[in-house]
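To start, the structure under review is shown below, and the notes come after it.
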Amino acid sequence: MDINGIMGAQSTSQPGQTNASGEMGKDEFLQLLIAQMRHQDPLNPMEGTEFASQLAQFNSVEQLINVNDGIANLAAAQDLMSTGLNNSLAATLTGKNVTVLSNQIGFNGSDDSEMQFRLNNLASEINIEVRNASGSVVRTETLENYGAGDHSWTWDGKTSAGQSVPEGTYSFEIAAKNEDDEVPVLSFIEGTAEKIRFTGDGVKLLVNGVLLPLEDVEQIGS
């Protein structure tokens with residue numbers, strides 16, 4: 001039997017027999033199967049094996065669609081659960097000391113700001129750049145001979161020329177090397193979670209005057 005002819009007839013009499021993605025779904029497949037049965041030659045009907053094969057194909061299509069729907073529903077449920085857990089965790093962090101993976105620091109216009117970094121190996125030279133919100137370098141500093149582990153550097157809120165900078169959020173870039181070899185550096189800040197904010201971009205913590213994503217929290221407590 002010529003299936004293409006039937007599909008052509010179906011598309012002429014009933015346009016739009018595919019879904020929005022252009023793929024045949026279970027409803028379209030069933031319509032095609034019924035149309036095929038209606039248009040078959042009475043003197044040469046579809047053989048039982050061929051009919052059974054078509055039914056098996058329909059059953060497989062339906063099962064795949066159901067599996068896809070189930071996976072989509074499961075993913076949506078997991079997203080809702082994850083959001084709920086994050087919100088519950090965030091609500092318990094106010095007033096606690098946290099370590100957050102970030103290279104942002106806040107300067108309130110008077111107090112020193114402290115930035116932390118972690119070295120994987122011994123570093124003979126460490127270069128620090130402090131940048132303002134527009135990305136311009138306002139301060140550079142060079143440190144020497146630091147061992148592997150966690151370290152900190154305190155910024156007095158002044159430029160390399162000794163001028164005070166306005167309050168706001170700044171960032172710091174750290175590059176370390178041991179002789180001619182680069183040393184991996186991880187930047188982070190430590191402080192008290194002052195506030196919790198629920199934003200369109202997710203849950204954020206206010207730490208040392210800077211809003212930081214909850215997912216960047218590395219450690220809670222001392």
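We number each residue from 1, following the sequence as shown.
Here the closest heavy-atom approach between residue Lys204 and residue Pro213 is recorded as CG-CA, 4.2 Å. Nearest heavy-atom pair, Thr94 versus Ile196, reported as atom, atom and distance to 0.1 Å: OG1-CG1, 3.3 Å. Across all non-hydrogen atoms, the minimal contact from Leu119 to Ala176 is CD2-CB, 3.9 Å. Taking each heavy atom of Val165 and Phe107 in turn, the nearest pair found is O-CE2, 3.3 Å. Between Gln104 and Ile189, the shortest heavy-atom distance links the atoms O-CG2, 3.5 Å. The shortest heavy-atom contact between Ala193 and Val207 is CA-CG2, 4.2 Å.
Clustering ILVMFWY residues whenever any of their side-chain heavy atoms sit less than 4.5 angstrom apart, transitively, puts Trp153 in a cluster other than the one holding Phe188. No single ILVMFWY cluster, assembled from side-chain heavy atoms under 4.5 Å apart, contains both Val137 and Phe172. Val100 and Leu211 fall into different hydrophobic clusters, where Ile, Leu, Val, Met, Phe, Trp and Tyr residues are linked whenever their side-chain heavy atoms come under 4.5 Å apart, directly or through other members. Following chains of ILVMFWY side-chain contacts shorter than 4.5 Å, one cannot reach Leu122 starting from Ile174, and the two form parts of different hydrophobic clusters. No path of Ile, Leu, Val, Met, Phe, Trp and Tyr side chains, each step under 4.5 Å between heavy atoms, connects Leu186 with Val183, placing them in separate hydrophobic clusters.
Side chain to side chain, Thr142 and Asn127 meet the donor-acceptor criterion of an N or O pair below 3.5 Å. The closest side-chain donor-acceptor pair between Asn103 and Glu173 falls under 3.5 angstrom.
The CD atom of Glu167 sits 11.0 Å away from atom OG of Ser113, with the distance rounded to the nearest 0.5 Å. Once rounded to the nearest 0.5 Å, the distance linking CG of Leu205 with OG1 of Thr192 reads 11.5 Å. Atom CG of Asp156 sits about 12.0 Å away from atom OG of Ser110, to the nearest 0.5 Å.
Summarising the local packing, CD of Glu114 is surrounded by more than 12 heavy atoms from other residues, nucleotides or ligands at distances under 6.0 Å. Shown here is Lys195, whose NZ atom has no more than 12 heavy atoms of other residues, nucleotides or ligands within 6.0 Å.
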Check step by step if side chain to side chain contact (heavy atoms under 4.5 Å, CB included) holds for Asn178 and Asn121. CA-CA 8 Å; Asn178 188 27; Asn121 301 298; over 6 Å; no
Before you tell me yes or no, could you show the steps for Val130 and Met115 under side chain to side chain contact (heavy atoms under 4.5 Å, CB included), namely the whole-Å CA-CA distance, both residues' side-chain angles and the distance that decides it to 0.1 Å? CA-CA 10 Å; Val130 181; Met115 57 193 71; 4.2 Å; yes
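Annotation: side chain of Ser160 is in contact with side chain of Thr140 (closest heavy-atom distance under 4.5 Å).
Within the 6.0 Å centre-distance limit, the rings of Trp155 and Tyr170 are counted as a close aromatic pair.
Under a 3.5 Å cut-off, the side chain of Thr169 and the backbone N or O of Val210 do not form any donor-acceptor pair. Although no hydrogens or angles enter the test, the distance criterion places no donor-acceptor pair under 3.5 Å between the side chain of Arg139 and the main chain of Gly157.
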